[in-house]
Amino acid sequence: MNRGLEFVHKSMLAYSAACRPLCQKLKLTQTAFDILMFLANNPCYKTASEIVEIRHIKANLVSVNVDRLVREGYLLRQPVKGDRRKTELICTALAQPVIEQGRAVQDNFMKDLLRGMDEATQAAFFSAITIIDRNMDELLKEMK
């Protein structure tokens with residue numbers, strides 16, 4: 001396995017392991033938790049199709065988990081004004097404590113990942129990510 005792929009794979013495994021106790025406590029699947037946290041942390045994305053596109057979660061898994069989150073009261077479906085084909089997914093008040101706990105897990109996970117890095121190293125790391133992100137945007141524009 002190449003280093004980049006191995007890094008991504010281990011990151012996903014470690015994140016899932018960090019989330020597992022909260023998911024078990026809340027009786028949520030990792031996918032349902034990921035969908036809820038994605039919507040909460042990225043308010044510019046509001047539809048199931050955006051979850052599929054941005055998070056690369058299979059459409060059938062998004063559908064099943066969104067249905068469950070709606071049924072359990074964590075999400076509401078709301079028609080998009082001006083486009084009756086689209087439905088926005090809105091986090092409810094019931095979801096807020098889950099979101100707060102999820103953000104705490106995410107914050108602790110990030111702290112654990114950065115443990116042992118001084119501030120200068122962390123700044124260099126995030127600077128590199130910013131540069132790589134900008135370069136990827138440029139590459140994607142060129143490939144269109």
Side-chain angles (χ1 to χ4, degrees), residues 1-78 80 83 85-144:
M1 195 180 297
N2 74 41
R3 284 181 16 191
L5 183 60
E6 184 176 353
F7 178 82
V8 170
H9 181 70
K10 284 198 301 192
S11 298
M12 292 171 57
L13 288 175
Y15 179 72
S16 292
C19 295
R20 190 169 299 117
L22 181 58
C23 289
Q24 289 173 342
K25 174 184 155 189
L26 299 170
K27 296 180 174 53
L28 287 175
T29 64
Q30 180 71 47
T31 302
F33 176 77
D34 290 344
I35 289 168
L36 188 61
M37 295 307 298
F38 175 76
L39 292 168
N41 290 336
N42 302 283
C44 61
Y45 300 116
K46 298 179 182 185
T47 66
S49 62
E50 290 171 327
I51 296 167
V52 170
E53 180 184 345
I54 305 299
R55 281 302 316 273
H56 300 284
I57 300 172
K58 291 180 182 179
N60 64 324
L61 289 175
V62 171
S63 178
V64 166
N65 284 284
V66 165
D67 284 346
R68 179 179 177 193
L69 290 166
V70 168
R71 205 172 43 252
E72 294 180 5
Y74 295 114
L75 293 178
L76 288 175
R77 287 186 174 105
Q78 179 177 303
V80 173
D83 190 346
R85 297 169 297 159
K86 287 187 180 179
T87 302
E88 286 183 346
L89 301 169
I90 310 296
C91 296
T92 66
L94 183 65
Q96 295 314 306
V98 174
I99 292 165
E100 288 173 21
Q101 292 174 71
R103 286 180 176 153
V105 168
Q106 290 174 335
D107 289 345
N108 287 332
F109 179 69
M110 185 56 79
K111 286 177 187 169
D112 288 343
L113 286 182
L114 299 175
R115 187 178 42 232
M117 273 192 215
D118 60 37
E119 286 185 30
T121 304
Q122 287 182 32
F125 173 73
F126 287 114
S127 176
I129 287 174
T130 300
I131 292 167
I132 291 168
D133 184 57
R134 188 174 48 239
N135 290 343
M136 284 189 289
D137 287 343
E138 290 300 316
L139 286 169
L140 290 169
K141 280 182 195 172
E142 291 170 9
M143 292 178 186
K144 283 187 177 182

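Quantities reported herein were computed from a predicted structural model and do not represent experimental measurements.
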Taking all atoms of both residues into account, what is the closest heavy-atom pair of [X] and [Y], and its distance?
X	Y	answer
C19	F33	SG-CE2, 3.5 Å
P97	L94	CD-O, 3.3 Å
A32	L69	O-CD1, 3.6 Å
C91	L36	SG-CD1, 4.0 Å
A40	P43	O-CD, 4.1 Å
F109	A18	CD1-CB, 3.9 Å

For [X] and [Y], indicate whether the former's side chain and the latter's backbone hold a donor-acceptor pair under 3.5 Å.
X	Y	value
D83	R85	yes
R55	V62	no
T92	Y74	yes
S16	M12	yes
D133	I129	no

Residue pair V105, M37: steps toward the side-chain contact (heavy atoms from CB on, under 4.5 Å) verdict: CA-CA 11 Å; V105 168; M37 295 307 298; over 6 Å; no

From CA spacing to verdict: salt bridge (Lys or Arg N to Asp or Glu O under 4.0 Å), K141, E138: CA-CA 5 Å; K141 280 182 195 172; E138 290 300 316; 3.7 Å; yes

Neighbour count above 12 (heavy atom, 6.0 Å) for [X] [atom1]:
X	atom1	result
Q30	CD	yes
Y45	OH	no
M110	CE	no

Pairwise side-chain contact, L113 with Y15, heavy-atom cut-off 4.5 Å (strictly under):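 No, side chains not in contact.
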
Validation row: I51, L39 side chains within 4.5 angstrom (heavy atoms): yes

Stepwise side-chain contact (heavy atoms from CB on, under 4.5 Å) test for I54 and F38: CA-CA 10 Å; I54 305 299; F38 175 76; 3.8 Å; yes

Worked check of side-chain contact (heavy atoms from CB on, under 4.5 Å) between R77 and L89: CA-CA 5 Å; R77 287 186 174 105; L89 301 169; 3.9 Å; yes

Kindly compute the distance separating [atom1] ([X]) from [atom2] ([Y]), expressed to the nearest 0.5 Å.
X	Y	atom1	atom2	answer
F125	T130	CZ	OG1	10.0 Å
T47	K86	OG1	NZ	6.5 Å
L75	I90	CG	CD1	9.0 Å
L28	N65	CG	CG	9.0 Å

Between [Y] and [X], do the side chains contain a donor N or O and an acceptor N or O under 3.5 Å apart?
X	Y	answer
N60	S63	no
Q106	N41	yes
T31	T29	no

Can a salt bridge be assigned to the pair [X] and [Y] using a cut-off of 4.0 Å between side-chain N and carboxylate O?
X	Y	value
D137	R134	no
E50	K46	no
R3	E6	no

Verdict with reasoning, Q101 to K25, per side-chain contact (heavy atoms from CB on, under 4.5 Å): CA-CA 11 Å; Q101 292 174 71; K25 174 184 155 189; 2.8 Å; yes

